Amino acid sequence: MIKDFDIQVASAQHVDYAQQICDEMAESAKARGTGIAQRSPEYVANKMLEGKAVIAFHKDGTWAGFCYIETWSHGDFVANSGLIVSPQFRKEGLAKAIKESIFKLSRTKYPNAKIFGLTTGLAVMKINSDLGYEPVTYSELTQDEDFWAGCKSCVNYDILMSKGRKNCMCTAMLFDPAEKQKEYEDKMKKITHKATLLERIENAIKKRIDKFSYSTT
């Protein structure tokens, strides 16, 4: 059960888990037959030191999962990368809980950034969708060369390049805070409009009732 896990912002006290996390990321990608942007233990440890990662533990103290934040295009884009759950703790809702935690951390640290992801996993797509991500074209993602260089370790990299980096096996998804704010404002306008319209109708009915009552007295 998800209540059996503690998800927290990773810090210096967790760097010893970096190698285990990287090993599990590699094994998971191998089992799925897909590639991920390979990261070194030093890279993962640095994310912990920067406070740009979340780590999960089972109540017995066993490492259970991890995810980290990457920034691109001078902070205009943010990716929640390296989501991994230890095999023994899968299918317990932990991936979703970790994703929600790293998303919240991203929104706190980079409130104006667009948060995006590339994935082939239907479960991750569902989680992203629940968080407000929308499917987009690759052209709407960061064009930072360093980000796309991370795809070189993927088995589908040749497909990506043959298509001019316009699409691949992964689905691109994006959370745009500006667009979400606009949607919220439009929704509030509609609610306000409906409330105003209802008030006008109620006033009109009241006037008719008052007029009727006056004419019958």
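For clarity, every value in this text was computed on a predicted model and none was experimentally measured.
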Mind listing the closest non-hydrogen atom pair of Ser73 and Gln143 along with its distance? OG-N, 4.3 Å
Given the side-chain rings of Phe103 and Phe175, with only the six-membered ring counted for Trp, is the space between their centroids under 6.0 Å? yes
For the backbone of Lys126 and the side chain of Ser129, can you confirm whether one donor and one acceptor N or O come within less than 3.5 Å of each other? no
Any Ile21 side-chain heavy atom under 4.5 Å of Trp63 side chain: yes
How about Asp130 and Lys99: do any of their side-chain heavy atoms sit closer than 4.5 Å? no
Are Ile127 and Ile84 connected in a single hydrophobic cluster, I mean Ile/Leu/Val/Met/Phe/Trp/Tyr linked by side-chain heavy atoms less than 4.5 Å apart? no
Leu49, Tyr17: one ILVMFWY side-chain cluster at the under-4.5 Å cut-off? yes
Looking at Gln88 and Glu92, what are the two nearest heavy atoms and their distance? O-OE2, 4.4 Å
Is a side-chain N or O of Ser101 found less than 3.5 angstrom from the main chain of Ala97, in a donor-acceptor match? yes
So, are Glu134 and Lys180 salt-bridged, with charged N and O less than 4.0 Å apart? yes
Worked verdict on Glu100 versus Lys96 for side-chain contact (heavy atoms from CB on, under 4.5 Å): CA-CA 6 Å; Glu100 289 173 346; Lys96 182 178 181 180; 3.3 Å; yes
Working for side-chain contact (heavy atoms from CB on, under 4.5 Å), residues His58 and Asp4: CA-CA 6 Å; His58 187 261; Asp4 291 335; 4.0 Å; yes
Val9-Leu83 co-clustered via ILVMFWY side chain contacts under 4.5 Å: yes
Counting only heavy atoms not in Lys152, do more than 12 sit closer than 6.0 Å to its NZ atom? no
Please determine whether residues Met25 and Val85 belong to a single hydrophobic cluster, defined as Ile, Leu, Val, Met, Phe, Trp and Tyr linked transitively by side-chain heavy-atom distances below 4.5 Å. no
Decide whether Asn46 and Glu42 meet the rule of one side-chain donor and one side-chain acceptor closer than 3.5 Å. no
Salt bridge (charged side-chain N to carboxylate O under 4.0 Å, His left out) with Glu185: which residues, sequence neighbours excluded? none
Could you tell me if the side chain of Met188 sits less than 4.5 Å from the side chain of Ile191, heavy atoms only? yes
Modelled atom types, side-chain donor and acceptor of Thr119 and Asn128, under 3.5 Å: no
Any side-chain heavy atom of His14 within less than 4.5 Å of one from Gln8? yes
Test question: given the 4.5 Å side-chain rule for I, L, V, M, F, W and Y, name all other residues clustered with Leu118, or answer none. Trp72, Phe77, Phe116, Val136, Tyr138, Leu141, Phe147, Trp148, Tyr157, Leu160, Met161, Leu174
Would Gln20 and Phe66 count as a side-chain contact (heavy atoms from CB on, under 4.5 Å) here? Give the steps. CA-CA 11 Å; Gln20 182 181 356; Phe66 181 77; over 6 Å; no
Could you pull out the closest heavy-atom pair between Cys67 and Ser81, with the gap in Å? SG-O, 3.2 Å
Is the shortest heavy-atom distance from the side chain of Val54 to the side chain of Ile98 under 4.5 Å? yes
With a 4.5 Å cut-off on side-chain heavy atoms, are Ser28 and Arg90 touching? yes
Minimum heavy-atom separation for Val78 and Ala113, please, with both atom names. CG2-CB, 3.6 Å
Between the side chains of Arg39 and Glu70, is the shortest nitrogen-to-carboxylate-oxygen separation below 4.0 Å, so that they form an ion pair? yes
Return yes if some donor-acceptor pair links the side-chain N/O of Ser40 with the main-chain N/O of Tyr43 below 3.5 Å, else return no. yes
Take Glu50 and Tyr68, measure what side-chain contact (heavy atoms from CB on, under 4.5 Å) needs, and give me the verdict at the end. CA-CA 10 Å; Glu50 293 175 342; Tyr68 62 87; over 6 Å; no
Minimum heavy-atom separation for Tyr133 to Gly117, with atom names? CE2-N, 4.3 Å
Closest heavy-atom contact between Ser106 and Ile115? CB-CD1, 3.9 Å
Please determine whether residues Leu105 and Ile55 belong to a single hydrophobic cluster, defined as Ile, Leu, Val, Met, Phe, Trp and Tyr linked transitively by side-chain heavy-atom distances below 4.5 Å. no
